[in-house]
Undergrad: 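The following block contains the structure, expressed as structure tokens.
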2 protein chains.
Amino acid sequence: MKVTVDAVVFSYHENELKVLLIKRAFEPFLDMFALAGGFLLDDESAEDGVLRKLKEETNVELDYLEQLYTFTDVERDPRERIISITYYGLIDPVKHDLVSNIHAKEVKWFPAYGVNYIPLAFDHKNIYDYALERLRNKLQYEPIGFELLSQHFTMNELWSLYNAILGRELDIRNFSRKILSYGLLNESTFKQEGGVGRPSKMYEFNKEKYDELKKTGLNFEL
Amino acid sequence: MKVTVDAVVFSYHENELKVLLIKRAFEPFLDMFALAGGFLLDDESAEDGVLRKLKEETNVELDYLEQLYTFTDVERDPRERIISITYYGLIDPVKHDLVSNIHAKEVKWFPAYGVNYIPLAFDHKNIYDYALERLRNKLQYEPIGFELLSQHFTMNELWSLYNAILGRELDIRNFSRKILSYGLLNESTFKQEGGVGRPSKMYEFNKEKYDELKKTGLNFEL
DNA sequence: TCAAAAGTGTTCCGAATACACCCATGA
DNA sequence: TCATGGGTGTATTCGGAACACTTTTGA
């Protein structure tokens, strides 16, 4: 039985959630857009396989990777029986530059909410939907939003990201208070540059603190 | 690459959460306890494969089945590269009778909290831990507790089940109010039999109502 | 009529929400 | 000094937690 790995990679830039798609350079589904991915090798774990394929096909390196689901429908691949172990990944926007290569005809960020209008190869639409739902849920009870921002960010940027992904307008004052109350953010020495009005404080996510709190049973919410 | 499916099957009887294990009849790990499972066939989905293997090895038929995680460590099987798609299942206690067969030397329910003291084959201990954690989490935000009870049950039985799985004593009055507030339980025409004191009302889970409410965005909690 | 367990009502507290005002900065 | 966006404080509301009493049944 053959096994592939596929990844739904999200990024947040231009005030929008984006997803990484490639235009297929081979049959089946030649020239159609699809998730990055490919066959898993015998000497690598699925995680390693995903990272390898992403590097090959898109040149991105992830900051966060989580297994999503394994799709096993008998008919999901027109060639033969192939199951797919799927992942979703998050990436720092400063790393979002893409590099063309022989594995794909095109590599591109698509607005996440426009993907519905693009036909995708295989059952990749299902996988994408599943990933988006998972991202939305997870965002609300795990501090993963930071993975989609640069190391130093303003509260407003974090808030905009939450609004964009959750699709509703949160009260920024309550949001800010809540986020800060977990003590997971350090004030950064960076200063916001440009823009009118009072410059915002910048923060950075304190991963060590998070790992420490997780042991004692932190429950992050909203 | 070979692919197996493995299942962590939970049941609740004798006021205890139990897990289904089999004693292996073949190498490797001959005579060791392990999860039910086996190789996935080319013409079946993973779900179908799990149900087939469970039927073969233990004769149980599940009321609830959910994919857990796919384990892909290169070294997880001493024979060769084998990945495992794992599931957890829940079963109505009236169906908990087990049947011996040629696929396993023994088929047995173990108290869930005693599994730590039993060496398990392969990486099945990891899988089991993962399943228990998932069950605990899921119990608190999806109405799956009913799947572990008979069709007709008392509020006290449901409450005991929650206490046993979550490992803490909930306030039964608040618990009862909360559960009933979702309107997912129908009062059953059954009457509790035997026992001292005032007989309890019996309820049954209304799955149709649940499916209906889920569409309009129910969020069950605790 | 008594014991045992089921069932209902009420108070209290804290967190979530909604909302208004003050502050810092650059032009 | 003024416009712009950042930051803080507070009243209100709602749900969760804690807790005590009444009801129903079988013996």
Undergrad: Can you tell which of C/dC19, D/dT25, C/dT8 lies closest to the side chain of B/P199?
TA: D/dT25

Undergrad: Return yes if some donor-acceptor pair links the side-chain N/O of A/H13 with the main-chain N/O of A/P93 below 3.5 Å, else return no.
TA: no

Undergrad: Which comes earlier along DNA chain C counting from the 5' end, the contact point of B/R177 or that of B/K201, where each point is its nearest nucleotide?
TA: B/K201

Undergrad: Consider the side chain of A/V196, meaning its heavy atoms from C-beta on, and name the nucleotide among C/dT17, D/dG5, D/dG7 that approaches it most closely.
TA: D/dG5

Undergrad: Check whether any side-chain N or O of A/S200 sits under 4.0 Å from OP1 or OP2 of D/dG7, and answer yes or no.
TA: yes

Undergrad: Would you check if the distance from the ring center of A/F71 to the ring center of A/F122 is below 6.0 Å?
TA: no

Undergrad: Could you check A/L180 against A/G197 and say which one's nearest nucleotide on DNA chain D is further toward the 5' end?
TA: A/G197

Undergrad: NZ of A/K178 versus P of C/dA18: gap in Å, rounded?
TA: 13 Å

Undergrad: Mark yes or no for a side-chain to base donor-acceptor pair under 3.5 Å between A/R198 and D/dT4, with no hydrogen or angle criteria applied.
TA: no

Undergrad: Given D/dG7, C/dC19, D/dG16, identify the nucleotide with an atom nearest to the side chain of A/R173.
TA: C/dC19

Undergrad: Rounded to whole Å, please give me the gap between CG in A/L170 and C1' in C/dA16.
TA: 12 Å

Undergrad: When you measure from the side chain of A/E157 to the backbone of A/T154, do you find a donor-acceptor pair of N or O atoms at a distance under 3.5 Å?
TA: yes

Undergrad: Under 6.0 Å between ring centres, would you say that holds for B/Y203 and B/F146?
TA: no

Undergrad: Calculate the interatomic distance between B/E221 atom CD and D/dG16 atom C1'; express it in whole Å.
TA: 11 Å

Undergrad: Could you tell me how far apart A/W159 (CH2) and D/dG5 (C1') are, to the nearest whole angstrom?
TA: 11 Å

Undergrad: Rounded to the nearest angstrom, tell me the gap between atom CZ in A/R168 and atom P in C/dA16.
TA: 13 Å

Undergrad: Under 3.5 Å, is there a donor-acceptor pair between the side chain of B/D63 and the main chain of B/D92?
TA: yes

Undergrad: At less than 4.0 Å, is any side-chain N or O atom of A/N156 found next to OP1 or OP2 of D/dG6? Yes or no.
TA: yes

Undergrad: Rounded to the nearest angstrom, tell me the gap between atom CG in A/L158 and atom C1' in D/dG6.
TA: 15 Å

Undergrad: Between atom CZ in A/F175 and atom P in C/dA16, what is the gap in whole Å?
TA: 14 Å

Undergrad: Between the base of D/dA18 and the side chain of B/N174, is there a donor and acceptor pair under 3.5 angstrom?
TA: yes

Undergrad: Look at the side-chain N and O atoms of A/T154 and state whether any lies under 4.0 Å from the OP1 or OP2 oxygen of D/dG6.
TA: no

Undergrad: A/D171 CG to D/dG7 P: how many Å, rounded?
TA: 14 Å

